[in-house]
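Scroll down for the structure; my scribbles are underneath it.
Reminder, nothing fancy here: chain letters follow the sequence lines and each chain counts from 1. Please read these numbers as outputs of a predicted model, since none were measured by experiment.
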Amino acid sequence: MANDDERLERLQGMLRQRGILLPAFDLYGGAKGFYDFGPVGGRLRSRLNQVWIDHWLSLGNIVEISCPTVTPYEVLEASGHVGEFSDFMTVCGQCDEASRADTLLEAHHPNPDALSQSELQSLLTKVNPDCPSCPTPEWSPVVAQNLMFSTTIGAGSSGRPGFMRPETAQGMFTSFPALYRHFRERLPFGAIQVGKGYRNEISPRQGMIRLREFNMAELEYFIDPNERPNHDFSSWSSHEICLIDGDGVSHSMTLQHAAESGLIRHPTVGFFMGKTFDFLSSVGIDGTRVRFRQHASDEMAHYASDCWDVEIHGSYGWIECVGIAHRGCYDLEAHETATGKSLRARREFSEPKIREIDGWTIDGGVAGPAFRADAGQVKTIVESFDADVEFPVEVTLSDGRNLAVAAEHVKRVQKTVKETGEWFIPHVVEPAFGIDRILWHVLDHAFEETEKGGEPYRMLKLADSVAPIDVAILPLFEKDGMDDLALELHQLCCSTSGLVSLYDGSGSIGKRYARSDEIGVPICITVDHQSVEDRTVTIRKRDDGSQTRMSMDQLPFL
RNA sequence: GCGAGCGUAGUGUAGUGGUUAUCACCGGGCGUUGCCAACGCCUGAACCCGGGUUCGAGUCCCGGCGCUCGCACCA
């Protein structure tokens with residue numbers, strides 16, 4: 001274990017020195033839970049994001065969106081984050097003592113912890129509980145204080161409370177109507193979003209593993225719960241993976257078997273587990289150090305009905321880096337309830353349903369003036385009657401009063417209703433990726449320590465797909481035209497779309513190879529005297545140190 | 001948030017209250033007909049911040065900030 005810790009320290013030192021990951025605001029003494037991606041790390045992060053985006057877009061029914069990080073209070077109240085992540089505070093205006101509102105009201109309610117902000121506010125106003133530090137309490141309005149960074153949208157009294165988003169998901173849910181329309185009202189479809197999330201951690205630890213501002217990438221995939229999806233599991237058919245179920249029992253089986261046996265409760269969850277494994281492999285994560293762990297029922301988030309964490313093993317042990325959750329209809333339903341707007345999809349019946357209606361309703365022209373304010377209630381009651389009821393009938397209202405409904409107040413309803421389909425709330429399967437945690441493990445798994453000439457030698461064997469620099473251009477010496485030729489090649493590479501080149505003319509050639517290896521450059525190109533004569537250059541590969549000579553005008557990546 | 005330990009160049013470190021803060025790698029420049037951290041010369045770079053004790057503080061004391069670990073918390 002001590003060896004592991006020392007390796008971790010050497011890796012972190014190298015990442016700082018090479019401008020990959022650095023503590024943020026170091027100039028001012030640092031800030032816990034915040035990291036900078038440096039001149040090399042910045043590119044690494046955006047490459048990783050791009051690979052992730054391309055991976056999901058390749059499914060064909062996914063779109064990328066981008067929503068604000070600043071989110072109005074009501075949105076996160078509806079989603080459950082305010083309740084799940086908040087303590088409600090109030091301040092005594094007489095003595096400045098801050099108290100938790102639910103604690104103050106413990107004597108006046110059986111479970112104040114479960115009350116919403118407005119319920120707490122009205123109870124606080126009604127009870128006006130004693131202040132623990134002064135005799136004349138004067139409680140301020142109740143405010144939410146929780147793990148979300150709170151802010152104010154707008155200034156002064158017109159300001160509106162809000163939060164920095166704790167996940168990107170809510171933006172996808174609030175965009176559901178636009179997504180539904182974009183996809184021509186046909187499920188299934190998904191939306192992805194890559195961006196920052198915020199969480200005011202009490203105690204950030206373990207470097208990139210627990211941050212206060214972090215990069216996340218989420219897919220919200222909307223499905224019809226009545227349709228059994230038919231996913232193709234064949235590409236993983238020969239691959240048994242490590243699955244730990246909700247009781248902590250470990251299984252080794254194929255994804256298809258796990259989905260068919262019911263261990264994975266929904267095939268789409270299983271399919272995304274496979275796609276997630278593919279993604280991790282494509283960015284250089286060691287597949288033998290990946291496992292899937294199912295949440296126990298008491299561990300599940302407030303919105304989820306099944307959840308699998310993808311855990312990656314590295315310097316900090318097994319760390320959850322991806323969560324694949326079946327969120328059911330929780331979120332869309334919550335936003336429907338909060339706004340009164342429809343967030344539903346339509347499902348056509350294979351055969352229209354014919355319904356015969358034979359009953360009663362009120363005759364508005366007579367019943368309205370007769371019953372006035374009670375007419376609505378009378379209508380509901382009358383419409384529940386069978387066709388063979390005989391009027392007059394005495395009905396009982398909700399407040400206990402009785403009214404006589406006569407034949408003149410009602411009329412017979414006889415019609416045939418044809419229903420061709422129905423509206424339902426789609427279910428959501430959500431793979432949520434902690435990009436920083438994945439990026440950390442990409443670095444951890446790529447970090448290779450060897451010896452060269454008796455000296456320790458370090459390199460990052462990064463996958464080409466995420467390597468921050470594609471090619472380093474090295475003039476053997478910066479003279480005799482070698483520097484000019486190298487700069488020409490460097491310029492050509494830099495102006496080639498998608499290609500990132502690094503020019504390095506400082507120090508010995510061996511030192512420059514070593515520095516390139518430390519930031520994971522897959523290919524170095526050396527310009528020497530012969531290059532000036534015949535425009536051939538040496539291609540040196542990071543992983544095996546092999547060198548081949550070819551014309552600089554025929555480089556495969558240009 | 002509580003407790004313990006720690007904080008010195010880009011990195012890793014030495015430093016018993018006393019002159020100009022040690023060493024190595026590192027970074028930069030020049031040279032080197034030369035391809036895997038080579039060599040020579042020159043050069044750059046640090047005591048986390050703020051108070052206090054003291055003639056004098058990197059060193060001792062207090063507070064803050066940060067880091068590591070344990071507990072607590074954790075979608």
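Looking at heavy-atom distances under 4.0 Å, A:Gly38 makes no contact with the nucleic acid at all. No contact: A:Glu455 has no heavy atom under 4.0 Å from any strand. At the heavy-atom level, A:Gly545 lies under 4.0 Å from base atoms of the strands shown. Base contact: A:Glu518 has a heavy atom under 4.0 Å from a base atom. In this structure, A:Gln547 reaches the bases: a heavy-atom distance under 4.0 Å links it to at least one base atom across the strands shown. Heavy atoms of A:Asp517 sit nowhere under 4.0 angstrom from any nucleic acid atom. Counting non-hydrogen atoms under 4.0 angstrom, A:Pro166 reaches a base of the nucleic acid.
One can place NZ of A:Lys511 at 13 Å from C1' of B:A24, the figure rounded to the nearest angstrom. The nearest whole Å value for the distance from the CZ atom in A:Phe477 to the C1' atom in B:C35 is 10 Å. Remark: P of B:G27 and CZ of A:Arg18 are 6 Å apart, rounded to the nearest angstrom. The nearest whole Å value for the distance from the CG atom in A:Leu11 to the C1' atom in B:U11 is 13 Å. Here the P atom of nucleotide B:C67 and the CG atom of A:Leu211 are 11 Å apart, to the nearest Å. One can place NZ of A:Lys452 at 11 Å from P of B:A38, the figure rounded to the nearest angstrom. Note: CD (A:Glu533) to P (B:U33) measures 16 Å, nearest angstrom. At whole-Å resolution of the value, CD1 in A:Ile519 and P in B:G27 are 12 Å apart.
The side chain of A:Lys479 contributes an N or O atom lying less than 4.0 Å from OP1 or OP2 of B:U32. OP1 or OP2 of B:A37 has not a single side-chain nitrogen or oxygen of A:Ser508 nearer than 4.0 Å. Residue A:Arg16 places none of its side-chain N or O atoms closer than 4.0 Å to OP1 or OP2 of B:G10. Phosphate proximity of B:C35 to A:Thr526: absent, as no side-chain N or O sits under 4.0 Å from OP1 or OP2.
The residue among A:Asp26 and A:Gln12 whose nearest nucleotide of RNA chain B is located toward the 5' end is A:Asp26. Comparing A:Met482 and A:Met14 by the nucleotide of RNA chain B that holds the closest heavy atom to each, the one mapping nearer the 5' end is A:Met14.
In the interface, the side chain of A:Arg540 is not paired with the base of B:C35 through any donor and acceptor atom under 3.5 Å apart. Residue side chain A:Tyr28 does not reach the base of B:C49 through any donor-acceptor N/O pair under 3.5 Å, judged by distance alone.
Between B:U22 and B:G12, the two C1' atoms lie 13 Å apart (nearest whole Å). A distance of about 10 Å separates the C1' atoms of B:C26 and B:A9, rounded to the whole Å. The P atoms of B:U19 and B:G56 are separated by 15 Å, rounded to the nearest whole Å. Nucleotides B:C69 and B:U53 have their P atoms positioned 37 Å apart, rounded to a whole Å. With both ends at atom P, the span from B:A24 to B:G58 equals 24 Å, rounded to whole Å. Between B:A4 and B:C74, the two P atoms lie 25 Å apart (nearest whole Å). Between B:C47 and B:U8, the distance separating the two P atoms is 11 Å to the nearest Å. Distance noted for atom C1' between B:A57 and B:C62: 14 Å (whole Å).
Of the candidates B:G28, B:C35, B:G27, the closest approach to any side-chain atom of A:Ile509 belongs to B:C35. For A:Asp528, whose side chain is taken as the heavy atoms from C-beta onward, the closest listed nucleotide among B:C35, B:U11, B:G66 is B:C35. Out of B:C35, B:U32, B:G27, the shortest distance to the side chain of A:Arg549 is found at B:C35.
With both pairing distances under 3.5 Å, B:C35 is matched to nothing as a Watson-Crick or G-U wobble pair. The base-pairing partner of B:A57, taking Watson-Crick or G-U wobble contacts with both distances under 3.5 Å, does not exist among the strands shown. Under the Watson-Crick or G-U wobble criterion, with both distances below 3.5 Å, B:G1 is paired with B:C71. B:C41: Watson-Crick or G-U partner is B:G29, with both key distances under 3.5 Å. Applying the Watson-Crick and G-U wobble criteria (two distances, each under 3.5 Å), B:C6 pairs with B:G66.
Separation of atoms CE (A:Met164) and CZ (A:Arg199) is listed at 15.0 Å; rounding is to 0.5 Å.
With hydrogens and angles ignored, the 3.5 Å screen pairs no side-chain donor or acceptor of A:Arg535 with any backbone N or O of A:Leu485. Remark: side-chain polar atoms of A:Arg540 are not paired, donor with acceptor, to backbone N or O of A:Ile525 under 3.5 angstrom. A:Arg512 places a side-chain N or O within donor-acceptor distance of the main-chain N or O of A:Leu476, the cut-off being under 3.5 Å.
The neighbour count for A:Lys541 NZ, taken as heavy atoms of other residues, nucleotides or ligands under 6.0 Å away, does not exceed 12.
Using modelled atom types, one finds a donor on one side chain and an acceptor on the other under 3.5 Å when comparing A:Tyr457 with A:Asp517.
Ring pair A:Phe173/A:Phe222 is perpendicular by interplanar angle, where above 60° counts as perpendicular and below 30° as parallel.
In terms of heavy-atom proximity, A:Phe34 sits nearest to A:Leu211 at N-CD2, 4.5 Å.
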